[in-house]
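Shown next, in structure tokens, is the structure this report addresses.
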Amino acid sequence: MTTHRENSFIRNMRLFVISFGLIAVSAFILPSVNSTAHNHNMAPNAVQQPTGTPTAGELERLKIEEARLSSMLASIRQQKLSVLRSRALTVGVIGFGRFGQFIGEKFTKYGNVIGTSRSDYTKIANDMGAKYIPLSDLESFVMEDELDVIVVAVSIVSFEDTIKDLVPHLEKRIREKGAGSCPLIVDVASVKEHVRNVMLKYLPEECDILCTHPMFGPDSAKHGWHGQTFVYERTRIDKVLLDPSTHQSIHRYLGEDSDESESDFLDVAGVSHGVHENSEAHVAGMDRMERFLSIWEEEGCNMISMSCKEHDEFTANSQFITHLMGRILGAQGLKATPIDTKGFQSVLKLVQTTNADSFDLFYGLYKFNRNSMEIIKNLKKAMDDVVGKLLEKEGKNISILEESCS
């Protein structure tokens, strides 16, 4: 039987979809500037380059239309924000350390926050307007009545054990409160394929899953999240495993042309599903997931929908190699001098920022990204090639260097 809360979900979701649809319309169509189009009708074509000399008043008409579209978009954004705040999410954060507090404080602007961790962060939580429950009482944390989302913000190394500990309490919640009560489970780890596989392996099928990676932290985003990159993959909704290779996100709609049929996706059984299914559970799941993603979007993040596999391929060539070089250079004991060049100052900053992170993070980037060893091999080969060229200038072979180091 449809509950009042489910009806609210459906109504909010429909308004949310309509809002995004209007944004998409404003992003992809331009007004007709033909002199006969006095009512500012929208033309479905791309920008038409003027042929010959523009007619008098044409620039003024374009500016007026631009202002109208800007006003329209601002109005839609306000509607979207109103929908987001119409039913505030309750977000639980497991791992309320430095990063958990960093994101938890932002979440309090949009809803209720409950933190849990091994250490006692009760005062910190109270100061930011959040509730705190010790990790030793994980059951009470999971059984909170209005818990909508659980963000697992622990280290990559301890992620699997944390999920295993979480499962029995989620199963109890489902038994006592019903299948629809299972919170959306979100990770914020730096390595995606590993955590995705862990969640799919252990979490009850009733739990929706969203894999995310905020490509920033308390240091790099201490002045705000605007312009920071947020990567995500909608992994499972209403027991349906989404195929990220075919699933198109709303954010991709705004950035590239796509036929409406491309919003369909196949589940693991090969059955086609629409992004917005008619089932109440699917609509409610989408509503909750979009509400959570909208928090990051409202804070100004650059939203990028990407598969976990593709993410790990990219980060091995960017994030892991950055941390690897920072650790290697840090091991050299480099220090500032009175005559540092700008380039060397950048090197020292790299050493400082990468070594400020825990070694567990660095180890996790290595251990749980299958592409990391290939990066190490390529780096070693590149170093041998460069050193070999230096020795070649002196008529020497790199084996001489290897002998001197042994």
Side-chain angles (χ1 to χ4, degrees), residues 6 9-10 13 16-17 89 91-92 94 142 147-154 159-160 162-171 173-175 177-189 191-214 230-252 262-296 303-312 368:
E6 287 170 337
F9 269 145
I10 294 169
M13 189 60 190
F16 195 88
V17 172
L89 288 176
V91 181
I94 299 179
V142 175
L147 189 61
D148 297 298
V149 180
I150 293 178
V151 178
V152 184
V154 300
F159 185 85
E160 184 168 357
T162 302
I163 293 296
K164 287 179 180 179
D165 292 341
L166 188 61
V167 168
H169 305 298
L170 290 171
E171 291 174 340
R173 182 183 178 96
I174 292 168
R175 286 195 306 270
K177 299 178 181 288
S181 71
C182 190
L184 166 67
I185 310 299
V186 182
D187 87 278
V188 288
V191 175
K192 300 265 59 79
E193 278 194 291
H194 169 70
V195 297
R196 180 183 191 272
N197 292 336
V198 167
M199 290 191 287
L200 289 174
K201 179 178 180 180
Y202 294 110
L203 290 176
E205 64 177 3
E206 291 85 357
C207 294
D208 293 347
I209 297 173
L210 177 67
C211 294
T212 79
H213 183 192
F230 182 84
V231 182
Y232 66 96
E233 176 199 280
R234 295 185 186 88
T235 302
R236 187 169 67 193
I237 300 177
D238 188 26
K239 301 181 182 180
V240 176
L241 184 62
L242 278 64
D243 180 357
S245 66
T246 59
H247 177 53
Q248 295 288 309
S249 79
I250 289 171
H251 300 99
R252 281 185 179 167
E262 291 179 0
S263 65
D264 292 347
F265 60 87
L266 301 177
D267 64 18
V268 291
V271 179
S272 178
H273 297 265
V275 172
H276 305 291
E277 294 277 5
N278 292 325
S279 72
E280 294 171 359
H282 186 93
V283 172
M286 279 295 296
D287 179 82
R288 178 174 58 184
M289 195 172 284
E290 291 306 326
R291 284 173 181 273
F292 180 77
L293 288 172
S294 290
I295 293 174
W296 305 84
M303 308 293 287
I304 298 181
S305 175
M306 180 181 294
S307 72
C308 291
K309 180 177 183 296
E310 191 176 15
H311 167 278
D312 283 2
F368 298 114

Can a donor-acceptor pair be found, under 3.5 Å and without considering hydrogens, that links the side chain of N197 to the backbone of E193?
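Flag set: sc N197 to bb E193 pair under 3.5 Å.
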Where the side chain of R288 meets the backbone of V149, is there a donor-acceptor pair that is under 3.5 Å apart?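 Not at all, since once roles are kept as given, no pair shorter than 3.5 Å links the two residues.
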Does a side-chain heavy-atom distance below 4.5 Å link [X] with [Y]?
{"X": "V142", "Y": "P183", "result": "no"}
{"X": "V151", "Y": "F292", "result": "yes"}
{"X": "L147", "Y": "R173", "result": "yes"}
{"X": "L210", "Y": "L293", "result": "yes"}
{"X": "S181", "Y": "E206", "result": "no"}

* Asked: For C211, which residues count as a disulfide (SG to SG under 2.5 Å) partner, sequence neighbours excluded?
  ->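 Here no residue qualifies.
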Specify the closest pair of heavy atoms between [X] and [Y], including all atoms of both residues, with the distance to one decimal.
{"X": "D312", "Y": "F368", "result": "OD2-O, 4.5 Å"}
{"X": "D238", "Y": "A281", "result": "OD1-CB, 3.4 Å"}
{"X": "I174", "Y": "P204", "result": "CD1-CB, 3.8 Å"}

Interatomic distance, [X] atom [atom1] to [Y] atom [atom2] [nearest 0.5 angstrom]:
{"X": "L166", "Y": "L203", "atom1": "CG", "atom2": "CG", "value": "6.5 Å"}
{"X": "C308", "Y": "Y232", "atom1": "SG", "atom2": "OH", "value": "12.5 Å"}
{"X": "M289", "Y": "L184", "atom1": "CE", "atom2": "CG", "value": "5.0 Å"}
{"X": "I150", "Y": "L170", "atom1": "CD1", "atom2": "CG", "value": "5.5 Å"}
{"X": "T235", "Y": "L200", "atom1": "OG1", "atom2": "CG", "value": "6.5 Å"}
{"X": "D208", "Y": "D148", "atom1": "CG", "atom2": "CG", "value": "11.5 Å"}

* Asked: Relative to each other, are the rings of H213 and H311 parallel, tilted or perpendicular (30° and 60° limits)?
  ->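 Plane angle over 60°, so perpendicular.
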Among R196, K309, K192, the one residue meeting salt bridge (charged side-chain N to carboxylate O under 4.0 Å, His left out) with E233:
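Of the listed options, the one satisfying the test is R196.
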Once side chain to side chain contact (heavy atoms under 4.5 Å, CB included) is applied, do any residues pair with T162, and if so which ones, sequence neighbours excluded?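 If we apply the side chain to side chain contact (heavy atoms under 4.5 Å, CB included) test to T162, skipping adjacent residues, the hits are I94, V152, V154, S158.
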- Sequence neighbours excluded, which residues qualify as side chain to side chain contact (heavy atoms under 4.5 Å, CB included) partners of K164?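 Side chain to side chain contact (heavy atoms under 4.5 Å, CB included) check on K164 returns E160, D161, Y202.
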